[in-house]
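Only one structure is covered here, and it is reproduced in the block below.
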Amino acid sequence: MSTDILFQPVKIGAMEVANRIAMAPMTREFSPDGIPGGDVVDYYRRRAEGGAGLIITEGMAVNAAGAHDGPIPLFFQEETVRASAAIASAVHDAGGKIVPQLWHVGVQDSPTEVNPTTVKQKPRRVGPSGLLGTGDLGGDTLDDNGIADTIADFARATRAARDAGFDGVEIHGAHGYLPDQFLWPRTNRRTDGYGIAADRTRFVVELIKACKAAGGSDFPFILRFSQWKTFDYDARLAETPDELGAILQPLADAGVDAFHCSTRRFWEPGFASDPRTLAGWARKLTGVPVIAVGSVTLEADFKESLSEETGGIAESAPRTKDIGTVARLIAEGEFDMIAVGRAMIANPDWANLVREGREAELRAFSREQLARLD
Ligand SMILES: Cc1cc2nc3c(=O)[nH]c(=O)nc-3n(C[C@H](O)[C@H](O)[C@H](O)COP(=O)(O)O)c2cc1C
């Protein structure tokens with residue numbers, strides 16, 4: 001099958017992306033004191049030069065309480081935003097588009113002291129009910145002021161992204177992090193207006209509206225969501241397409257320009273008894289463009305096992321037959337873009353290799369590659 005369709009432009013809101021290939025967001029922890037340096041700029045530049053139409057950056061923290069433990073970009077610091085502007089500029093020079101992924105871990109991470117130079121007090125983790133998916137306490141329950149402040153932090157980060165020259169934002173609403181904690185009954189036990197019985201989408205709807213107001217209605221807004229959680233691959237937000245629609249439609253109405261549907265295998269059916277993928281369902285149910293992801297050109301999926309030692313990240317040989325499957329699924333209207341994760345760490349020039357028909361040259365992904373910013 002021809003791969004031409006992978007190299008057709010596509011629009012996400014007001015943003016025109018040159019092709020259908022996105023770099024998936026991947027935390028790399030190479031930003032000491034939360035500030036990405038020249039090595040991080042070059043790392044993203046290489047993927048844009050390698051032909052990816054859209055770069056979605058690693059998760060960047062919107063506030064101290066929501067910052068993952070490790071040297072990730074702390075986007076609530078002015079110096080981080082300034083340093084990130086250099087990433088955006090480098091990607092633009094190479095002809096790509098770029099959005100930062102805005103991240104708040106909620107209670108799903110170990111409490112930590114982030115950047116002691118700017119954050120004096122050890123922040124406590126916060127979530128809708130302070131609960132982890134296991135039922136254990138992971139932090140404090142957000143009260144109404146805490147919710148408003150957290151949403152304001154996402155909105156401020158969106159405005160900062162626009163001012164720094166990014167083309168839009170992606171909100172990390174997947175994998176059991178804060179927005180997902182509100183959507184999931186196991187972590188949202190609230191009995192107020194943000195609870196499951198009243199309206200489980202309320203927090204995310206308010207967040208989207210605040211970010212759209214801060215960034216401007218023409219500033220593209222991508223929402224990443226998933227069924228699975230980082231510590232529970234079998235978890236599900238929605239058991240049926242109807243249930244999925246009841247979650248996604250209010251989010252689409254609030255202003256989502258694209259859904260990024262995070263799955264571990266891009267081709268798998270979203271629900272039993274129908275071959276449509278999760279991304280396909282999101283597109284059919286809402287009419288909003290969708291990005292699919294998961295094990296593209298890799299034999300082994302992202303998290304093969306919940307192994308502590310490997311962080312669940314699987315090594316993998318290349319699997320070139322996926323390229324034809326991706327092209328077919330885009331042609332059939334299943335999804336609009338494909339995000340490539342580990343294969344794009346292993347192959348900064350993934351998109352160019354595919355465009356030139358040189359997929360036989362794709363390199364394997366190994367965990368060693370995570371130790372460097374190649
Ligand atoms: C090292 C690494 C870091 C990741 N960090 C993030 C992240 O910050 N935000 C996110 O939404 N997903 C993150 N992911 C998940 C990827 O975006 C992607 O969904 C996953 O790797 C599956 O795609 P793949 O099979 O093509 O690698 C990460 C994955 C890897 C391998």
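One-based numbering, in listed order, for ligands and for the atoms of each.
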For the 3.5 Å polar cut-off, considering only N or O atoms, please tell me whether [X] and ligand 1 meet it.
X	answer
T27	yes
P25	yes
G341	yes

Taking [Y]'s backbone N and O only, do any of them form a donor-acceptor pair with [X]'s side chain (distance below 3.5 Å, no angle check)?
X	Y	result
T277	G280	yes
D140	G130	no
R28	E58	no
R124	G139	no

Taking atom CG of D349 and atom CG of L362, what is their separation to the nearest 0.5 Å? 8.0 Å

Give, for atom CG of L370 and atom CZ of F30, the distance between the pair rounded to the nearest 0.5 Å. 8.0 Å

Is it the side chain, the backbone, both or neither of H172 that has a heavy atom closer than 4.0 Å to ligand 1? side chain

With heavy atoms under 4.0 Å as the rule, classify the contact between M344 and ligand 1 as side chain, backbone, both or neither. neither

Parallel, tilted or perpendicular, as decided by the 30° and 60° cut-offs, for the rings of F271 and W281: perpendicular

So between H260, R224, M26, R264, whose heavy atom ends up nearest atom 19 (O) of ligand 1? R224

Only heavy atoms count here, so choose which of Q369, H68, Q101, E29 is nearest to atom 9 (N) of ligand 1. Q101

Is the shortest distance from a heavy atom of S295 to ligand 1 less than 4.0 Å? yes

Examine ligand 1 and decide if any of its atoms is less than 4.0 Å from a heavy atom belonging to G294. yes

Provide the number and element of each atom of ligand 1 under 4.0 Å from a heavy atom of [X].
X	result
V293	19 (O), 23 (O)
R342	24 (P), 25 (O), 26 (O), 27 (O), 31 (C)
A24	17 (O)

What do you reckon, is CD of E332 surrounded by more than 12 foreign heavy atoms closer than 6.0 Å? yes

